Colleague: 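Before anything else, here's the structure in question.
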Number of protein chains: 2
Amino acid sequence: MPLRRVTIHDVARAAGVSTTTVSEALSGRGRTAEETRERVRRVAEEIGYVASAAARSLRLGRSGALGLYVPDRTVGFEYYVQLARGAAEAALSHGMALTLVPAWDNVEQLRALHIDGLIVADPAVGDPVLHVLRSLPVPMVTVEIDLDPSATPVGVVHADHLGATAALLDHVAAAGATSIAVLAPGDETAFGEQVRRVCADRDRVRVFDIPLAYRPEDATAAVDRALAADSDALVLIPDGSAIVALHHLQGRGIRVPDDVLLASYVDGPSLQIARPRITAVDIDPRLTGEAAVQALVDVVVSGHKGAIETRVPAVLNERESTRRG
Amino acid sequence: MPLRRVTIHDVARAAGVSTTTVSEALSGRGRTAEETRERVRRVAEEIGYVASAAARSLRLGRSGALGLYVPDRTVGFEYYVQLARGAAEAALSHGMALTLVPAWDNVEQLRALHIDGLIVADPAVGDPVLHVLRSLPVPMVTVEIDLDPSATPVGVVHADHLGATAALLDHVAAAGATSIAVLAPGDETAFGEQVRRVCADRDRVRVFDIPLAYRPEDATAAVDRALAADSDALVLIPDGSAIVALHHLQGRGIRVPDDVLLASYVDGPSLQIARPRITAVDIDPRLTGEAAVQALVDVVVSGHKGAIETRVPAVLNERESTRRG
DNA sequence: CCTCCTTGTCGAAACGTTTCGACACATGGT
DNA sequence: ACCATGTGTCGAAACGTTTCGACAAGGAGG
C-alpha cells in the first residue's frame, strides 16, 4: 500500500540518463542538449515524478517556506485574510509555501518553523512578539514601515498613505464638510504617523485619538468627542472602525450623510454591505501580499542585495456616505 | 558572516558522545543513561542546536507541515481567521508548521506543497478546488461534515448544530416570537442540512433560502421575503449575514428588537460591535482549529487508524437583539 | 569458567536532491 | 598532426538526520 515514492533515480533510469542530467534538465540549469531535456521532461511527467522538498531543502539549505505574521487585533480581519490569500498564492507560484506564524513569544519554537523569510503585517512599535521575531535569523519584509529604530527589514511594501489621506480629505471637503474630524491611531505605526502629518498641514481638520487595537467603546467615545466638537464629517482611520461609528451614529439618531459625512480609510467588503455604503480608500491587500512575497523571493532565492521598497496604489472609492443631495 | 549551522555532530563532539546518542537523548527514544541524556540536553541548549527540519523530513519521509484550506467566500472572515490562529498554534505546539493552501486547481503545484495532512474548513459539495485537493495523497480532516459521497476524510470535527439550532430557536420563541423566519443555506453543506432538519420539526418556523456564498443583495432579498411573510423574528444562519440584515432593517426603518427579533447563528466580534448587540451561538473557532490539528497529528505522527470524530461545544450568547422590554 | 541477559553506546547506511569537477568527443585553427 | 575550445554527460560527494544492528561491559545463574 505505501508505494515507494518516485525519485529522481527512477526518472534517470527510465530516461536512460544520469541523475545529474535529470536534475539539470528539469531545473534548466547546466548545459543539457535541448533534445535530452525534452525527453527527460516527458518521462518525468509520465511516471509522476515530484521532487522531494525535503531533499532539496537539505541540499540547498533553504526550507522553501515563507512565514506570515499578522498581529492579534480584534478587528480588521478582512484585510488580513485577503493579504494572506494574495501572499499564499504568490508564494505557491514561486514554488514556496506560506506558513502561518502564531503570536508566540517562544524563540525556540519559532526557530523550529524553519522559514526562509518573514512577512510582518502592520508592525507596531512595542509588539513583544515582533521583538522576538526580529531575532530570527531570516530576512524580513514588513507591510507598512516599521518605526522601531532597531528594525532593519530587507524590504518594505506600503501604500502611498500621504497621497491617499490627502485625496480622502479633499474629497470630503469637496462634498461639503466644513469641519472634518479625523479619528486616527497614534504614531506607533508609520501609517498613523503619516496620516497625522497630512492632517497637520490643513485647516479645518482636527485629529482625535483612537487606539490602534481599539475596542468598540474606544471608537464610539472618539466619535462622541468629535461630535461634541461640532464636526460635520468623520474620517475613520483604523480598519473596521467606520462600521462601529456608523452603528453608533445611527443609534444616536444621527443621519449619514445628511447630518454628518462619514468616510473610512481602509476599504473592505463590509463597507459595501453597510447602508449607506461607506466611502473609503481601497488599498488592495492581495496585491500587497503578493508584493511582499515578491520582495522576499528576490532576496532569498535570487540573492538580491540591499533594501527593496514597493509602493502599492491606492484608489478612492466614493460612496453614498459622502454624497449629499 | 554566514555562520555554519550548528549540527548534531557539533553537539556530539561537544558532549563527547556519538550522534546516535545525541539523537536518542534529545528525542527520548532508545535506551540512554539518564545522566548522559541530561548532559547532552544541556550541551545542545548551550551551543544553540536546532535540528534541521529538512534533514529530519528527508529521513522520516514526513514534511512536518499541515495544510489549511479555507474556501473563498465573500464573508465570514472572522471565523476563519480565528480558526487559522487556533490551528497554527496547535500545529506549532506539536512541532509542525501550518501552511496556507490557496484556492488553486493545479494539482502539480499543490503537490509541490508537500504537506502531511490537510484541514478543510467547511467543505461544500461541488467545490472544484476541494475536488482537486481530495486527490492529494494525504490524510484530510474536515471542519464540518463533508457531504460529498466520494469524500473519505480520516477525521471530522464539528459542532453540535442540531442542538445549537434547537437552543437558538427555543430562545427566540421564548423571547416572544410567534413566527420565526430562518434564513439558511441549502443542503450543499452538512451544516445547512442539519439546520433545516431541526426547523422542519417545528411549528411556526419557516425556512427561507440564502446562498452559502451570498452577496449582500441575496441576504437583503431573503430578509424582504421573510418580512413579506409576516415574520416577527429573523434567524440568520450564514456567517456575517446578520450584520447585513441589521443594516437592511435599520435602513427600512424597522427597529430591532422592538419590531422584529434578530439572531445569528455564527458568533463573532462584529456581532458585539453592532447596535443592538446580536444574539448568537458561539462555536469557538480557535478550539475547532486546534481539534482539527490534533486529529491530524494523531493520524500522521501517532499512526492512529480509523476515523476520528471530535465534537466542539456550542454556547448560546443571548444579547439585546432578542431582548424586549 | 562459560553462557545468557541487560544496559549503554556507537558506526554506518539511508533518505533524495544539487553541483563540482572530470571526462569524452567534436570542431576549428594552427 | 597537434592544441585549444566548446559541448554534453556523468560519478560522487555533500547536506543533517534517524535507526538498525553490533559490540563491550557488567551481573546473574549455572
Side-chain angles (χ1 to χ4, degrees), chain A residues 2-41 43-44 47-65 95-96 111-112 114 116 300-301 303, chain B residues 2-41 43-44 47-65 95-96 111-112 114 116 300-301 303:
Chain A
L3 276 352
R4 207 176 55 76
R5 76 171 289 138
V6 179
T7 74
I8 199 173
H9 297 284
D10 298 323
V11 179
R13 198 169 332 109
V17 295
S18 74
T19 62
T20 303
T21 303
V22 174
S23 178
E24 292 181 344
L26 294 181
S27 71
R29 277 181 291 269
R31 30 179 199 191
T32 324
E34 191 49 50
E35 186 206 7
T36 317
R37 181 163 306 195
E38 202 41 58
R39 182 160 43 95
V40 169
R41 287 210 172 116
V43 169
I47 66 179
Y49 169 68
V50 181
S52 152
R56 175 175 293 158
S57 297
L58 180 56
R59 179 65 232 247
L60 261 27
R62 271 192 261 124
S63 73
M96 312 200 85
R111 284 187 155 240
H114 291 280
D116 296 329
V300 172
V301 346
Chain B
L3 275 354
R4 207 175 56 77
R5 76 172 288 139
V6 179
T7 75
I8 198 172
H9 297 283
D10 299 324
V11 180
R13 200 168 332 111
V17 294
S18 73
T19 61
T20 303
T21 302
V22 175
S23 178
E24 292 181 342
L26 295 181
S27 72
R29 276 181 292 268
R31 30 179 200 193
T32 323
E34 190 50 50
E35 187 206 6
T36 315
R37 179 162 308 193
E38 202 41 60
R39 181 162 42 93
V40 169
R41 288 213 171 114
V43 169
I47 66 179
Y49 169 68
V50 181
S52 152
R56 175 175 292 157
S57 297
L58 180 57
R59 179 66 234 246
L60 261 25
R62 271 192 261 123
S63 72
M96 313 200 83
R111 284 187 156 240
H114 291 280
D116 296 330
V300 172
V301 346

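Keep in mind it's a predicted model, so treat the numbers as computed, not measured. Below, chains carry the letters A, B, ... as their sequence lines are ordered, and counting in each starts from 1.
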Colleague: If we only count heavy atoms from C-beta on, is the A/Y49 to A/V43 side-chain gap below 4.5 Å?
Modeller: no
Colleague: Kindly give the atom pairs (protein nitrogen or oxygen, nucleotide nitrogen or oxygen) under 3.5 Å for nucleotides 24-27 of chain C.
Modeller:
none

Colleague: Which whole-number value in Å describes the distance from A/E35 CD to D/dT9 C1'?
Modeller: 13 Å
Colleague: Supply the atom-to-atom distance B/T32 OG1 to B/R41 CZ, rounded to the nearest 0.5 angstrom.
Modeller: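 Reported to 0.5 Å precision, the distance equals 9.0 Å.
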Colleague: Under a 4.5 Å cut-off applied to non-hydrogen side-chain atoms, are A/L26 and A/R37 in contact?
Modeller: no
Colleague: Going 5' to 3' through nucleotides 22-27 of chain D, assign each nucleotide B (protein heavy atom under 4.0 Å from a base atom), S (under 4.0 Å only from sugar-phosphate atoms) or - (no protein heavy atom that close).
Modeller: B-----
Colleague: Students often get this wrong, so: under 4.0 angstrom with heavy atoms, is A/S57 touching a base, only sugar-phosphate, or nothing?
Modeller: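 Here A/S57 touches no strand at all.
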Colleague: Using only side-chain N and O atoms of B/T21, determine if any of them is under 4.0 Å from OP1 or OP2 of C/dC10.
Modeller: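 Yes, because at least one side-chain N or O of B/T21 sits under 4.0 Å from OP1 or OP2 of C/dC10.
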Colleague: Could you list the protein-to-nucleotides 15-17 of chain C atom pairs, N/O on both sides, closer than 3.5 Å?
Modeller:
{"unit_1": "C/dT17", "atom_1": "OP1", "unit_2": "A/Y49", "atom_2": "OH", "d": "3.0"}
{"unit_1": "C/dT17", "atom_1": "OP1", "unit_2": "A/S52", "atom_2": "N", "d": "3.4"}
{"unit_1": "C/dT17", "atom_1": "OP2", "unit_2": "A/I8", "atom_2": "N", "d": "2.6"}
{"unit_1": "C/dT17", "atom_1": "O5'", "unit_2": "A/Y49", "atom_2": "OH", "d": "3.0"}

Colleague: Taking only residues two or more places apart in sequence, or in another chain, which ones meet B/R13 in a salt bridge (Lys or Arg N to Asp or Glu O under 4.0 Å)?
Modeller: B/D10
Colleague: Side-chain contact test, heavy atoms from C-beta onward, threshold under 4.5 Å: evaluate it for B/T7 versus B/S52 and give yes or no.
Modeller: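 B/T7 vs B/S52: side chains apart.
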Colleague: Treating B/H114 as the side-chain partner and B/G64 as the backbone partner, does any N or O pair qualify as donor plus acceptor under 3.5 Å?
Modeller: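 No, B/H114 side chain to B/G64 backbone: no donor-acceptor pair under 3.5 Å.
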Colleague: Starting at CD of A/E24 and ending at P of D/dG8, how long is that distance when rounded to a whole Å?
Modeller: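 Rounded to the whole Å, the gap is 12 Å.
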Colleague: Can you list everything that forms a side-chain contact (heavy atoms from CB on, under 4.5 Å) with A/V17? Sequence neighbours excluded, please.
Modeller: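 With neighbours one apart ignored, the set is A/A15, A/T21, A/V22, A/T36, A/R39, A/V40.
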Colleague: Let me have the donor-acceptor pairs involving side chains of residues 53-61 of chain B, under 3.5 Å, with sequence neighbours excluded, atom names and distances please.
Modeller:
{"unit_1": "B/S57", "atom_1": "OG", "unit_2": "B/A53", "atom_2": "O", "d": "2.8"}
{"unit_1": "B/S57", "atom_1": "OG", "unit_2": "B/R62", "atom_2": "O", "d": "3.1"}
{"unit_1": "B/S57", "atom_1": "OG", "unit_2": "B/S63", "atom_2": "O", "d": "3.4"}

Colleague: Under 4.0 Å: is that the gap between some side-chain N or O of B/T32 and OP1 or OP2 of C/dT9?
Modeller: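 Result: no.
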Colleague: Is there, by distance only and without an angle test, a donor paired with an acceptor across the side chain of A/T20 and the base of C/dT19 below 3.5 Å?
Modeller: yes
Colleague: What integer distance in Å separates B/R29:CZ from C/dG8:P?
Modeller: 18 Å
Colleague: Under 4.0 angstrom, heavy atoms only, what part of the nucleic acid is A/T36 near: base, sugar-phosphate, or nothing?
Modeller: sugar-phosphate
Colleague: Rounding to a whole Å, what distance do you find between B/R37:CZ and C/dT7:P?
Modeller: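 Rounding to the nearest Å, CZ of B/R37 and P of C/dT7 are 13 Å apart.
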Colleague: Is there a side chain to side chain contact (heavy atoms under 4.5 Å, CB included) between B/V6 and B/V50 once you walk through the steps?
Modeller: CA-CA 7 Å; B/V6 179; B/V50 181; over 6 Å; no
Colleague: Specify the closest pair of heavy atoms between B/A12 and B/S18, including all atoms of both residues, with the distance to one decimal.
Modeller: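 B/A12 and B/S18 have their closest heavy atoms at CB-C, 3.8 Å.
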